[in-house]
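So that the names make sense, note that chain A is the first sequence line, chain B the second, and so on, each numbered from 1.
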Number of protein chains: 2
Amino acid sequence: MKIKLIYFNFPFWRAEISRISLFYGNIPFEDVRISSDDFAHVKATGTLPDGTVIPTKALPCLSVDGVSFCQTGAIARFCGKLSGLYPNGNNVNCALIDQVIDICTDMTNCISYPINTEGEANRKSFRESLFEKDGKLSKNLESLDSIVERQNCTTKDALFFIDDNLSLGDLAIWGIVKWLKSGVVDFIPTSLIDNYSHLNGIFNSVSKISRIKEWQDKKH
Amino acid sequence: MKIKLIYFNFPFWRAEISRISLFYGNIPFEDVRISSDDFAHVKATGTLPDGTVIPTKALPCLSVDGVSFCQTGAIARFCGKLSGLYPNGNNVNCALIDQVIDICTDMTNCISYPINTEGEANRKSFRESLFEKDGKLSKNLESLDSIVERQNCTTKDALFFIDDNLSLGDLAIWGIVKWLKSGVVDFIPTSLIDNYSHLNGIFNSVSKISRIKEWQDKKH
């Protein structure tokens with residue numbers, strides 16, 4: 001099976017969840033990082049210069065033996081199945097993981113500026129509204145923290161979302177927490193995530209895994 | 001297995017894809033339609049008055065033997081697996097279907113008015129921008145139509161997304177096309193969808209299925 005994972009040259013969770021899944025599971029893949037010129041080609045034609053179809057003209061995109069598909073969750077599930085990070089046979093656990101991925105997607109989407117948000121002051125005020133009480137980001141973080149809490153893993157030394165095992169659910173949470181802690185999201189305080197102890201628990205557990213450290217040393 | 005599908009009392013695709021999956025597959029489920037008072041309770045407490053947890057305080061939500069999860073795609077996949085409308089073992093086909101569901105979700109999200117869009121004129125102008133060339137809705141419809149076209153099913157009498165069989169991919173497309181044709185979305189012309197022949201092909205194929213008609217006669 002020939003797998004190409006196509007994204008930009010930075011470690012955003014939408015691509016990292018799948019890159020890390022494949023790396024963690026020792027699944028060979030081509031880690032394609034495209035230039036802004038290549039992306040302009042995608043926007044204009046729906047393909048990379050080498051002819052690879054990018055179905056939604058957006059990234060990430062996975063190409064498997066010449067069949068391409070986009071969408072973070074679709075790609076992550078495909079990769080997670082290959083690498084043992086997505087349950088095989090427990091459909092409720094699959095759905096619980098899917099729910100986590102989609103909440104992380106909602107959080108990412110809600111942070112984008114609405115179409116007419118011009119100027120520093122408006123942008124700041126928009127972003128600040130996200131983490132007020134009942135702001136979209138606060139509500140998503142609160143829901144996700146409660147979802148992890150209900151999984152009832154809090155007495156373990158390492159906190160994972162499903163039982164004692166790393167899964168795509170953990171990688172999604174790790175990725176979004178890492179992003180929000182990183183300081184790259186303008187006007188969102190890096191301390192925001194400190195309020196969510198279960199999300200931090202997962203972040204810490206995943207960060208300790210040697211294979212995850214190895215990936216970051218190599219690629220970040 | 002005790003399944004409750006919780007949504008409002010209308011046939012929006014986010015719930016219909018899963019309701020119809022279960023009905024199509026003769027899977028018993030409780031088709032719970034909540035009132036606006038119940039939803040106010042959910043917003044305030046994260047539970048229905050009977051104690052059912054609604055993890056994201058948003059609907060649809062599925063409860064399976066007391067475990068609840070939200071998110072359209074997560075719920076649809078769970079139901080589709082039970083009813084044979086989601087592939088078992090062909091991971092590329094799973095990903096292609098997941099991609100369709102997530103594009104339909106993106107379309108639904110992009111239609112929502114941004115936070116500061118007040119007044120009829122602004123709302124009209126926002127919605128009209130969606131279906132201009134390069135508008136978000138146009139781009140998503142175009143991508144989705146091309147994705148169906150590449151599946152190469154166009155010579156068949158009935159057009160389905162994966163091989164000759166109904167799947168969640170078809171139900172998602174059918175649902176979103178039905179919604180856009182219905183006239184309930186202000187300022188989006190019901191003729192918009194006429195430009196997308198492959199999406200219409202799937203809409204027509206699904207509409208002819210007797211079990212789908214039976215559901216609509218019973219519930220719509």
> CG of A:L96 to CZ of B:F78: how many Å apart, nearest 0.5 Å?
Replying inline: 9.5 Å

Can you tell me which portion of [X] sits under 4.5 Å from chain B's heavy atoms? Options are side chain, backbone, both or neither.
X: A:C94; answer: side chain
X: A:I103; answer: both
X: A:V67; answer: side chain

All donor-acceptor atom pairs under 3.5 Å, backbone and side chain, chain A-chain B:
from	atom 1	to	atom 2	distance (Å)
A:P55	O	B:S143	OG	3.4
A:C70	N	B:Q99	OE1	2.7
A:Q71	NE2	B:D106	OD2	3.0
A:R77	NE	B:D98	OD2	2.7
A:R77	NH2	B:D98	OD2	3.3
A:D98	OD2	B:R77	NE	2.7
A:D98	OD2	B:R77	NH2	3.3
A:Q99	OE1	B:C70	N	2.7
A:D106	OD2	B:Q71	NE2	3.0
A:S143	OG	B:P55	O	3.4

> Heavy-atom distance under 4.5 Å to chain A: side chain of B:V64, backbone, both or neither?
Replying inline: side chain

